[in-house]
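Here's the structure, in structure tokens; my notes come after.
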Amino acid sequence: KAGVTQTPRYLIKTRGQQVTLSCSPISGHRSVSWYQQTPGQGLQFLFEYFSETQRNKGNFPGRFSGRQFSNSRSEMNVSTLELGDSALYLCASSYGYSGNTIYFGEGSWLTVV
Amino acid sequence: GESVGLHLPTLSVQEGDNSIINCAYSNSASDYFIWYKQESGKGPQFIIDIRSNMDKRQGQRVTVLLNKTVKHLSLQIAATQPGDSAVYFCAEGDTGNQFYFGTGTSLTVIP
């Protein structure tokens with residue numbers, strides 16, 4: 001069974017631009033969550049979607065948004081990029097509604113210059 | 001917000017020795033805990049999990065211990081190998097599939 005797939009793996013953007021990252025969950029998984037990882041900060045929760053509905057949202061500004069499609073694939077968008085948005089963005093998927101193991105993809109490395 | 005803290009940011013062990021990585025959590029309502037391993041340039045990889053109704057769980061060369069009284073979690077790796085060198089994160093979850101992660105412990109295995 002294929003794992004969580006994230007695209008693109010690497011990208012460089014200019015401050016002020018926007019970016020869209022894509023995630024395909026493990027087949028059969030209906031929950032997709034996004035995390036931001038920066039050096040020394042660990043992983044910080046962005047948001048989680050289940051059956052196309054955002055269930056939980058972390059403490060990030062409104063520039064960070066996401067959505068989930070009917071096939072469970074998900075995208076996240078960051079608008080008006082700032083230098084501090086440079087990070088590894090990780091997508092994770094899980095099977096059920098609550099209390100399930102989340103499995104991560106390899107992440108999308110975003111550099112803002 | 002929640003906090004999940006690790007006692008030691010770095011840990012070096014000799015190949016063949018046992019490793020113990022510790023984690024403190026703060027939310028008494030957390031009922032599910034996971035350990036992840038992250039190698040350089042890769043996403044976190046699931047190692048082992050434990051629910052709050054258990055104190056101990058064993059996997060292949062790994063054991064997780066949960067002490068709810070002091071809100072402490074530990075990961076024990078038996079016969080540590082060079083391939084175990086990585087950053088290890090503990091994560092706690094209480095609502096939906098949202099997890100809070102510690103800052104990680106970097107494990108270095110000395111051949």
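Each chain gets a letter, A, B and so on, in the order the sequences are listed, and its residues count up from 1.
The hydrophobic cluster containing A/L90 also contains B/V87, counting ILVMFWY residues as joined when their side-chain heavy atoms lie under 4.5 angstrom apart, directly or transitively. Transitive grouping of hydrophobic side chains (ILVMFWY, heavy atoms separated by less than 4.5 Å) keeps A/M76 and A/F69 in distinct clusters. A/V19 and A/W109 fall into different hydrophobic clusters, where Ile, Leu, Val, Met, Phe, Trp and Tyr residues are linked whenever their side-chain heavy atoms come under 4.5 Å apart, directly or through other members. In the hydrophobic cluster analysis, where Ile, Leu, Val, Met, Phe, Trp and Tyr join through side-chain heavy atoms closer than 4.5 angstrom, A/F104 is grouped apart from A/W34.
Ring geometry, A/Y35 versus B/F101: the interplanar angle exceeds 60°, so the pair is classed perpendicular (tilted spans 30 to 60°).
Of the inter-residue distances, the one linking A/Q37 atom CD with B/Q38 atom CD reads 4.0 Å to the nearest 0.5 angstrom. Rounding to the nearest 0.5 angstrom, the gap separating the CZ atom in A/F45 from the CZ atom in B/F99 is 10.5 Å. With rounding to the nearest 0.5 Å, the separation of CG in B/D49 from CG in A/N100 is 10.0 Å. A distance of 12.0 Å separates OG in A/S94 from CD in B/Q98, rounded to the nearest 0.5 Å. With rounding to the nearest 0.5 Å, the separation of OH in A/Y103 from CD in B/Q45 is 11.0 Å.
Residues A/L43 and B/Y36 are not in side-chain contact: their nearest non-hydrogen atoms beyond the backbone lie 4.5 Å or more apart.
Within a 6.0 Å sphere centred on CZ of A/R15, heavy atoms belonging to other residues, nucleotides or ligands number 12 at most. Atom CG of B/N53 is surrounded by more than 12 heavy atoms from other residues, nucleotides or ligands within 6.0 Å. At most 12 heavy atoms of other shown residues, nucleotides or ligands fall within 6.0 angstrom of atom OH in A/Y95.
Between A/T101 and B/Y32, the side chains place a donor N or O and an acceptor N or O closer than 3.5 Å (distance only, hydrogens not considered). A donor atom on one side chain and an acceptor atom on the other are not found under 3.5 Å apart for A/S33 and B/N97.
A/E106 places a side-chain N or O within 3.5 Å of a backbone atom of B/G43 that can act as its donor or acceptor partner.
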